[in-house]
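Beneath this line is the structure, given in structure tokens, with notes to follow.
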Amino acid sequence: MITNELLTAFGLDLDEYEVLEIKTGHINDTFFVHNKKLSSEKGYIFQRVNTYVFKEPEKVMFNIEKVSEHLKLKLDKDCGVDDYRQMLFFLNTPNGKNYYVDSENGFWRAYTYVDKAFTYDYPSTMEVLLLMGERFGQFQNDLADFDANTLYETIPNFHNTKARIERFKQVMAEDKFDRVKDAKAEIEYLLSAADMASELSIMIEEKRIPLRVTHNDTKCNNVLFDKETLKPVAVIDLDTIMPGLSAYDFGDAIRTAGSTAAEDEPDVSKVHVDLDRYEAFTKGFVSKVAENLTQIEIESLALGAFTMTYEVGLRFLTDYFEGDVYFKTKYDGHNLVRSRTQIALAKDMQLHFDEMKEIVRKYSK
Ligand code: GN1
Ligand code: MG
């Protein structure tokens, strides 16, 4: 996987490094390339970008570079001791590109490993949720003055839930793997809640809500925390940075951080939205973004949480019907299980929707 050819392309010598695979993401292949001579934590992250998912990976790297330049200017303003760890620094090849296509047509990139840091797959306390909300909110706020039109839409209609519902219907009609029969109740729910899940897409179509530059994949393990201070450092996984809604980033974070269970908990009776967790995250996020958001955006945040949860439930099920070609899976039926978990969470959010909206209002005054 990690070859001499690849390391040489980025100016490194394979003999000096050892390689560990990191298996967290659902999309790319990720490796920690660690310098044997230096401390255990010095090195680089190498990633092979999934080109089934990202059809034009050069554009992904273009977006990341532009956004990183902008974030760096913000950073330099009030630089603290460890501030270099607040962003990712990509390595260039000798011809000045921030990626390398290897002889097997693999699309690779490399960036500095943020040392002395860790992520939470499941935030452990309200304090962590508050800090996580602040960090994602800060990230969005730092990009409030970045012109969304200058970025590529690297996955067209990525969070266009309405378009995804149409595609879901097509895939269901084709039923290539004879799997539609396994998910009758799930399909029924997804179709019955389609109108509510399409509201944000329609607001965009009708230009009733502004597009910003958003992260679009704000799972809670996409914030790195410092091992000593336990404070957030970097926001990572910048692949899907592109025009989007504030509600997407708030919503996708709530989907993982505000739930009582893991994304793929098989026992759906354990899956709920935890309003205390929701409130802690909301308090942090809204405190950072409120000054730059319009009233309609503030009002859309709770809907974003429902929409992102519904949407990924629909996406997992679409992928199950298509034969598990998009998300990496750990066992047969994993995408079906994930979809059921997300549907259980989306349903619970509908039950608590008024309280969720009220909590956002409380912190945006
Ligand atoms: C994927 O790569 P990862 O695991 O951060 C997916 C997200 C989904 C998420 C569900 C490019 O994110 O959209 O919300 O899985 N990324 C892409 O866990 O599709
Ligand atoms: Mg991702």
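One is the number of the first residue; the rest follow in order along the sequence. Each ligand, and each atom within it, is numbered from 1 in the order the structure gives.
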Which atoms of ligand 1 have any heavy atom of [X] under 4.0 Å away?
| X | answer |
| --- | --- |
| Phe54 | 11 (C) |
| Asp237 | 5 (O) |
| Thr240 | 11 (C) |
| Gly25 | 4 (O) |
| Tyr326 | 11 (C), 17 (C), 19 (O) |

Open item on the list: Less than 4.0 angstrom from a charged side-chain N to a carboxylate O is my criterion; do Arg361 and Glu358 meet it?
Closed with: yes
Task: Salt-bridge criterion met for Lys227 and Glu41 (N-O under 4.0 Å) - done: yes
Task: Nearest option to atom 12 (O) of ligand 1, as decided by whichever heavy atom of Ile155, Asp217, Asn221, Asp252 sits closest - done: Asp217
Task: Shortest heavy-atom approach to atom 14 (O) of ligand 1 - which of Met308, Arg255, Arg338, His26 - done: Arg255
When you measure from the centre of the six-membered ring of [Y], is the NZ or CZ of [X] closer than 6.0 Å and no more than 45° off the axis?
| X | Y | result |
| --- | --- | --- |
| Lys59 | Tyr152 | yes |
| Lys347 | Tyr189 | yes |
| Arg212 | Phe146 | no |

TODO: Report, as yes or no, whether the 6.0 Å neighbourhood of atom CD on Glu21 holds more than 12 heavy atoms from other residues, nucleotides or ligands.
DONE: yes
Open item on the list: At under 4.0 Å between heavy atoms, is it the side chain or the backbone of Asp239 that contacts ligand 1, or both, or neither?
Closed with: neither
